[in-house]
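Protein chains get the first letters and strands the later ones, always in sequence-line order, with residue 1 at the start of each.
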Protein chains: 2
Amino acid sequence: MISRQAKYALRALIALARIKPGSAAQTSDIASGEKIPKKFLEQILLRLKNQGMVQSRRGNRGGYALLKPASEITFAQVLRTIDGPIAPLPCLSIIAYARCEDCKDEHTCEIRKVFARVIEPTRQVLERTTIADAVAGRAINIEALPVTKQMA
Amino acid sequence: MISRQAKYALRALIALARIKPGSAAQTSDIASGEKIPKKFLEQILLRLKNQGMVQSRRGNRGGYALLKPASEITFAQVLRTIDGPIAPLPCLSIIAYARCEDCKDEHTCEIRKVFARVIEPTRQVLERTTIADAVAGRAINIEALPVTKQMA
DNA sequence: ATAATCTCTACCTATATTATAGAATTAGTC
DNA sequence: GACTAATTCTATAATATAGGTAGAGATTAT
């Protein structure tokens, strides 16, 4: 399960992608429009800002706007920013690899092999699907994805 | 990330699948062999027993053994027993479906659509891979999986 | 009997999740 | 310049989850 926070982040980014380019949306508007607790959303937007996904303007008539084009913000980036690694095992994580302390041999670990097969298509989808895709209502078709070889 | 408990459960089941049929393995042996805290493993085996995956004998020379053939215990079953739903969103769960309270319309939710694509191949692998596969060292090849249509 | 083992319940600690509160800062507007 | 509306930042809190420990009780083989 992804966290509620991650879901909120995706919804907020989608909302920001929908506003007129050049304009900004205020936290309150997004919060009420998406039914997200306002002060909670503030923190989420702040994290997205620190990651360089959105920009903000303070003060009267301030608000948030996307910093990068929606087509360059992937679901994977958002999930990694909010929830951390996408991988089901530490030893399969790209952004936070860690050896399983209790694993005898990573290369022969059968559990790892199974989850390597699991995470592969997941990454394919999450890294190729962007906020723009979500806004446009075109989720990537899994059948169109090239099949890649097993990870090393 | 799957929980450590789930990883322990999988390893314990694999260990049980390796012992001589008809015999039993004791918690202590599995615990030391797999580097799992013994009392923690006890609880895990108990849960697996209550789910009908393993059987136990108490008292002197007691222990655990698989109740079902290893080829009939899937990774998905184990994960669901220990960690709960496999789905990334409540609204995509088979075993614990729940509407997202803050979702306007489930059928047009773009986030849901994306994660529906994500969970599909994951389920394919986890529901087809068994403890026997892991023991035999043959993880299912993702390329061999039939591609299915999008979920409704 | 007794020793070994599973069974069951309770407990504990640390961390993550999901928020809420409020003061500080900034920027537009009158 | 004062006012107001907004973000920024930090702190706090309630709740849940994860990971593990403890120990009494039940059961079985010897």
Enquirer: Using heavy-atom distances to pick each residue's nearest nucleotide on DNA chain D, tell me which of B:Asp83 and A:Lys49 is more 5'.
Expert: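 Result: A:Lys49.
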Enquirer: Between D:dG19 and B:Tyr8, is there an OP1 or OP2 to side-chain N/O distance shorter than 4.0 Å?
Expert: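 No, no such contact exists.
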Enquirer: Testing A:Thr130, A:Leu45, A:Val54 one by one against A:Leu13 for a side-chain contact (heavy atoms from CB on, under 4.5 Å), which residue passes?
Expert: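 Only match with A:Leu13 under side-chain contact (heavy atoms from CB on, under 4.5 Å): A:Val54.
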Enquirer: If I take atom CZ in residue B:Arg57 and atom P in nucleotide D:dT30, what distance separates them, rounded to the nearest angstrom?
Expert: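 Spelled out: CZ on B:Arg57 to P on D:dT30 is 8 Å.
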Enquirer: Closest to the B:Phe40 side chain: D:dG19, C:dA3, C:dG28?
Expert: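 The listed nucleotide nearest to B:Phe40's side chain is D:dG19.
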Enquirer: Just compare C:dC6, C:dG28, D:dT8 and give me whichever is closest to any side-chain atom of A:Leu46.
Expert: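 Nearest to the side-chain atoms of A:Leu46, counting from C-beta on, is D:dT8.
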Enquirer: In whole angstrom, what separates B:Gln26's CD from C:dT5's C1'?
Expert: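 B:Gln26 atom CD is separated from C:dT5 atom C1' by 7 Å.
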Enquirer: Which nucleotide in the set C:dA27, C:dT7, C:dA4 lies at the smallest distance from any side-chain heavy atom of A:Asn60?
Expert: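 Per side-chain heavy atoms of A:Asn60, the pick is C:dA27.
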Enquirer: Distance check needed: D:dG20 C1' versus B:Lys35 NZ, whole Å only.
Expert: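 About 18 Å, once rounded to whole Å.
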Enquirer: Between D:dT8, C:dT7, D:dA5, which one does the side chain of A:Arg58 approach most closely?
Expert: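 Output: D:dT8.
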Enquirer: Please examine the side chains of A:Val114 and A:Ile111, heavy atoms only from C-beta on, and report whether any two atoms are closer than 4.5 Å.
Expert: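 No. Closest side-chain heavy atoms not under 4.5 Å.
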Enquirer: To the nearest Å, give me how far apart CD1 (A:Ile36) and C1' (C:dT20) are.
Expert: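 Whole-Å distance recorded here is 16 Å.
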Enquirer: Starting from A:Leu10, can I reach A:Val135 by hopping between I/L/V/M/F/W/Y residues whose side chains sit under 4.5 Å apart?
Expert: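 Yes, because A:Val135 and A:Leu10 connect within a single hydrophobic cluster, where side-chain heavy atoms sit under 4.5 Å apart.
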Enquirer: Given atom CD1 of B:Ile2 and atom C1' of D:dA18, what is their separation to the nearest angstrom?
Expert: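 About 14 Å, once rounded to whole Å.
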Enquirer: Ignoring hydrogens and geometry, is there a side-chain-to-backbone donor-acceptor pair from A:Arg112 to A:Cys91 under 3.5 Å?
Expert: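 Looks like yes, one N/O pair under 3.5 Å.
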Enquirer: State plainly whether one hydrophobic cluster holds both B:Leu67 and B:Ile44, where clusters connect Ile, Leu, Val, Met, Phe, Trp and Tyr through side-chain heavy atoms under 4.5 angstrom apart.
Expert: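 Shared cluster, no.
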Enquirer: Can you find a donor-acceptor pair, distance only, under 3.5 Å between B:Lys39 side chain and D:dG23 base?
Expert: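 Result: at least one qualifying N/O pair found.
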Enquirer: Nearest whole Å is fine: how far is D:dT21 C1' from B:Lys38 NZ?
Expert: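 Rounded to the whole Å, the gap is 12 Å.
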Enquirer: Classify the side chain of B:Glu42 and the base of C:dT5 as holding, or not holding, a donor-acceptor pair under 3.5 Å.
Expert: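 Not at all, since no donor on one side and acceptor on the other fall under 3.5 Å apart.
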Enquirer: Return no unless some side-chain N or O of A:Thr27 is found under 4.0 Å from OP1 or OP2 of D:dT7.
Expert: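 The answer is yes; a side-chain N or O of A:Thr27 sits under 4.0 Å from OP1 or OP2.
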Enquirer: Base, sugar-phosphate or nothing for A:Ser28? Non-hydrogen atoms, less than 4.0 Å.
Expert: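 Here A:Ser28 touches no strand at all.
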Enquirer: Between D:dG19, C:dT20, C:dT18, spot the one nearest the side chain of A:Arg4, thanks.
Expert: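 The nucleotide sitting nearest to the side chain is C:dT18.
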Enquirer: Measure from CD on B:Glu101 to C1' on C:dA19 and round the result to the nearest Å.
Expert: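 B:Glu101 atom CD is separated from C:dA19 atom C1' by 14 Å.
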Enquirer: Linking I/L/V/M/F/W/Y whenever any side-chain heavy atoms sit under 4.5 Å apart, do A:Tyr8 and A:Met1 land together?
Expert: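 Result: no, two separate clusters.
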Enquirer: Base of D:dT10, side chain of A:Gln43 - is there a donor-acceptor contact under 3.5 Å?
Expert: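 Absent.
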Enquirer: C:dT17, OP1 or OP2 - any side-chain N/O from A:Gln5 closer than 4.0 Å?
Expert: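 Looking at the OP1 and OP2 atoms of C:dT17, neither is under 4.0 Å from any side-chain N or O of A:Gln5.
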Enquirer: Please report the distance, rounded to the nearest Å, between CE in A:Met1 and P in D:dA18.
Expert: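 After rounding, the reported distance stands at 12 Å.
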